[in-house]
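Here's the structure, in structure tokens; my notes come after.
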Amino acid sequence: MKNFNISKKIAVLLRSGSVAVLAMVMLAAGSVSAQSDGSQQNKTGRAGTFAITNARIVTVSGEVIEKGSVLIRDGKIAAVGDSIQIPRDAENIKGDGMTVFPGMIDAATNLGLAEISGGANATMDVQETGTINANARAIKGVNPHSSHVNVTRINGITTVISFPTGGLISGQAALINLNGSTQDEMAVVPNAGLIVNFPRVSTGRRFGFGGGGAPTDFNTALRRRDEQLDVLKKLFEAAKNYQKARAAYEADKSLPYTAVDAQLDALVPYVTGEKPIFFTAEREIDIKGVAKFVADQKLKGIIIGGQEAWKAADDLKRNDIAVIFTNIYSLPTSEDYPYDYYFAAPGKMQSAGIKFAVSTGEGGGEVRDLPYQAGIAGAFGLTPEQALRSVTLNPAEILGVADKLGSIEVGKIANVVVADGDILDPRTKIQHMFIGGRLIPLTSRHTELFDSFKDRTAIPK
Amino acid sequence: MLLVKEKIMRKTSIFLVFAALCVFAAPAATAQSGDVLIKNATVMTAARGTLENTDILIQGGKIARIGKNLSSASARVIDATGKYVTPGIIDAHSHAMLDAINESSFSVTSMTDVKDALDTDDISIYRALAGGTTAALLLHGSANSIGGQSATVKFKWGKGKDDFLVKDAPPGIKFATGENVKRSNFNIPGQTPRYPRTRMGVVETIRDAFTRARDYRQAWADFNAKKTKTPPRRDLELEPLVEILEGKRIVHAHGYRSDEQLNLLKIADEFGFKVGTLQHGLETYKFAPEIAKHGAGVSIFIDSWSYKIEGYDAIPFTAYMLWKQGIVVSINSDSDERIRRLNLDAAKAMKYGGVPEEDALKMVTLNPAIQLGIGKRTGSIEVGKDGDVVIWTGHPFSPYSRVETTMIEGEVYFDRTADAQRRTAAEAEKAALLKDKMNSGPAAGPGGGAGPRIPRESIVHDRDHADQEKTGDTHTENDGGNR
């Protein structure tokens with residue numbers, strides 16, 4: 001946050017009494033703030049051709065370039081290397097002492113759908129009523145002007161999945177860049193996946209699907225789970241039949257017409273395996289249940305949650321199911337579990353060969369902790385490199401957008417972060433960032449409130 | 001706010017594994033007493049800078065010497081080469097160990113005391129130790145303008161209640177203002193709403209209590225001066241308030257909006273006492289000069305925000321802005337989850353605004369100790385202080401560092417190596433217990449076991465959630481009081 005660095009410098013200079021130098025710094029501060037474009041929140045930044053020079057470049061996809069440059073042009077990464085040609089029209093971003101990272105991706109949030117959860121229902125658009133909402137699309141609910149957008153991105157997170165919750169089928173997730181004045185501007189993949197809350201085998205008193213009522217025995221719990229699964233199976237079957245009937249009519253108009261059904265229509269790309277289904281599941285038994293369901297139904301499956309995914313490694317790998325792990329900050333679910341049960345889970349998944357991403361699973365306000373959540377995984381089993389990959393290239397691969405996002409490579413969307421250290425370290429400050437090649441002002445609801453009050457003195461009464 | 005988790009996470013249903021707790025994290029086996037010599041560490045003292053290649057000798061539970069090439073004939077030697085040592089982390093706002101948090105019946109419940117609800121077997125203690133936290137202020141909830149009395153504890157896992165309580169810690173009490181106090185989210189049809197319902201009423205509730213306390217104190221003074229013949233009837237509600245008026249009990253005041261917290265400071269000025277800490281204080285950055293003038297400390301979340309309307313103006317720069325005013329700032333958890341990683345919260349104070357490293361460390365060590373009134377005995381690594389120290393694998397502000405060993409008064413209460421060794425034994429014992437018929441679940445038929453037990457720990461680590469249950473599954477948005 002360069003503004004604060006500068007105010008700090010000013011403070012130091014004031015103490016040293018160097019007025020001339022102070023004037024120069026203030027001039028510099030003026031030029032920096034000139035880069036900010038106005039006072040509105042979620043400013044969309046400035047397009048242009050930019051060259052980040054003399055920086056350490058952590059490409060994630062390949063070797064670290066100890067001293068090199070990244071050229072950003074037309075919204076894309078145009079060149080990367082230690083001796084690339086910098087065009088004359090490129091604006092130079094001095095990278096001395098800085099490290100360049102790909103923007104981080106949080107693959108499971110409700111960002112933009114949920115502003116203030118406590119006592120402000122009018123700001124909540126995360127959960128539809130009813131249990132089957134395949135046609136509810138997050139991209140139609142995301143608020144581009146949510147303050148969560150600017151607060152999150154200035155921590156180096158450039159892209160998120162935002163998804164609806166609740167019911168059996170919650171709706172469709174959106175993959176969005178955290179920049180844009182409209183939902184369309186933000187969208188990377190507007191309808192990126194279907195959210196299915198996989199029915200649980202539940203013997204206890206639980207809310208929601210697969211639960212409720214008095215404690216029960218295992219066989220009853222299993223039967224109840226299967227009843228819920230039957231609902232899903234029949235619905236998926238209906239969607240497949242619906243698609244066949246619609247296609248048949250298109251091919252041969254003499255056949256009876258099948259009326260449009262909003263739910264079935266929305267399900268088609270997911271039940272046919274064209275697009276992925278995100279199944280929320282935590283425990284081994286439920287994750288294995290997802291794996292079997294995915295195999296039986298020939299689906300593209302992804303797990304969200306994944307507390308015990310490492311225990312179901314074979315099932316997941318056999319069916320090419322990746323895990324978006326949202327439990328770093330979860331307490332061990334049982335008192336007798338090791339204290340680091342979930343801190344260590346990504347490391348276990350790594351060892352087991354499961355494809356996974358670390359995600360906050362947060363509503364919006366705390367998504368900016370993504371780097372630090374990955375960092376903790378780096379203390380309990382992952383190497384720092386693997387931890388970084390778990391919030392950059394891994395989620396891009398899992399979401400099927402590794403050709404566009406997740407690393408510093410030529411041709412990718414220029415989601416690029418320049419920091420004064422390791423971005424997974426909470427001490428590190430982001431110095432510059434680009435989303436879609438636009439230079440994003442490092443301002444947020446928080447920096448604006450800070451600016452409003454940092455120099456406040458009491459009004460004499 | 002944790003929407004995703006609240007919706008998609010459900011706890012593993014485990015019926016009977018609590019029995020296995022007896023071996024897992026077995027406390028009695030952990031604590032090692034005797035003198036300790038920590039050799040060759042990078043020591044972050046939280047008082048006198050960072051000392052490289054330094055030894056610490058702990059004798060009789062106290063830090064006896066700090067220096068280079070120390071030796072001791074009797075002390076157990078721990079080689080900490082390449083490692084970091086900090087003071088034990090202190091959390092100035094926790095509800096760990098508490099079987100009950102809110103006595104929400106009245107608006108003034110100063111007669112209640114969380115010390116009557118301490119659970120020394122709460123697994124949160126062990127998990128906190130594993131994150132380097134050695135002491136905490138255990139607070140009553142925030143359902144009332146004047147809540148219950150607090151407990152200042154060291155996490156002496158495996159010991160009895162009396163060992164947990166820090167003997168010479170001054171007593172404390174919870175106050176609260178704002179939406180929880182005025183029961184904004186608790187309209188129960190058919191029930192008369194509890195007074196107060198507005199911030200105006202909150203001010204009058206607190207003023208009324210102190211007016212009565214002042215009169216009560218006067219009545220005793222009159223009796224003691226023999227102006228009256230009969231002693232006043234003892235009033236357990238007002239006695240703690242008299243202690244506040246006499247500067248013998250520390251007020252820890254939950255609040256969010258700047259105006260309501262400033263109003264509390266004004267009430268304190270009116271009645272001639274000091275507020276010890278403004279807790280949460282998400283808007284304290286808006287009135288820092290007034291706080292500095294009153295002399296209150298502030299205990300904040302480093303960056304939580306937006307989980308309710310009162311938290312929407314919170315900013316992560318608060319620690320820096322208060323620090324700049326010279327206010328004693330601590331960073332707390334208010335959470336059995338977050339208490340495990342307060343070191344990384346302190347690190348954020350460096351990022352947001354630029355608090356210097358040692359001052360950031362103080363925000364989770366010495367400053368909370370000062371706020372709890374135990375700053376003379378703990379909170380920093382200085383000769384004469386308690387041997388409450390943490391050995392880290394690396395810099396405590398690096399996300400890649402782990403706690404190796406946590407000591408309180410020279411005794412080891414967490415050790416990662418020992419923890420790892422116990423896991424195998426714990427798993428074996430759990431497997432054996434699971435085979436035992438008396439531990440089988442309801443599926444085994446009548447008499448076949450105790451039935452499911454909802455784990456006590458919370459998965460919902462948001463900020464103001466329910467008081468009554470610490471279980472995620474029983475959590476609903478409006479299920480009682482608030483923390």
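Chain letters run A, B, ... following the sequence lines, proteins first, then strands; residues in each count from 1.
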Note, B:Ser398 side chain near A:Arg427 side chain (heavy atom, < 4.5 Å): yes
B:Phe414/A:Tyr339 aromatic ring centres below 6.0 Å: yes
Test item: B:Pro316 and A:Phe450 side chains (from C-beta on) under 4.5 Å apart, heavy atoms: no
B:Arg341 to A:Tyr372, cation-pi by 6.0 Å centre distance and 45° axis angle: no
Heavy-atom pair with the smallest gap, counting every atom of B:Ser306 and A:Glu115: OG-O, 2.9 Å
Nearest atoms (heavy-atom pairs only) where A:Ala379 meets B:Pro399: CB-O, 3.3 Å
Sidechain-backbone polar pair: B:Lys351 side chain, A:Thr428 backbone, donor-acceptor under 3.5 Å: yes
Minimum heavy-atom distance A:Pro338-B:Arg423, with the two atoms named: CB-CZ, 3.4 Å
Contact origin within B:Lys324 toward chain A - heavy atom pairs under 4.5 Å: side chain
Donor-acceptor contact below 3.5 Å, side chain A:Arg456 vs main chain B:Lys286: yes
Proximity breakdown for A:Asp369 and chain B, heavy-atom pairs closer than 4.5 Å: side chain
Structural part of B:Ala349 lying under 4.5 Å from a heavy atom of chain A: neither
Qualifying residues under side-chain hydrogen bond (donor to acceptor under 3.5 Å, both in side chains), relative to A:Asp422, sequence neighbours excluded: B:Tyr400
Contact summary for A:Gly119 and B:Ile309, nearest pair of heavy atoms: O-CD1, 3.5 Å
Among B:Trp305, B:Tyr320, B:Phe317, the one residue meeting ring-ring contact (aromatic ring centres under 6.0 Å, His included) with A:His446: B:Trp305
Closest contact, heavy atoms only, A:Ile116 versus B:Tyr307: CG2-C, 4.3 Å
Residues which pass side chain to side chain contact (heavy atoms under 4.5 Å, CB included) with A:Ala173, listed by chain and number, not counting sequence neighbours: A:Ile161, A:Phe163, A:Ile195
Portion of B:Ala420 that has a non-hydrogen atom of chain A nearer than 4.5 angstrom: neither
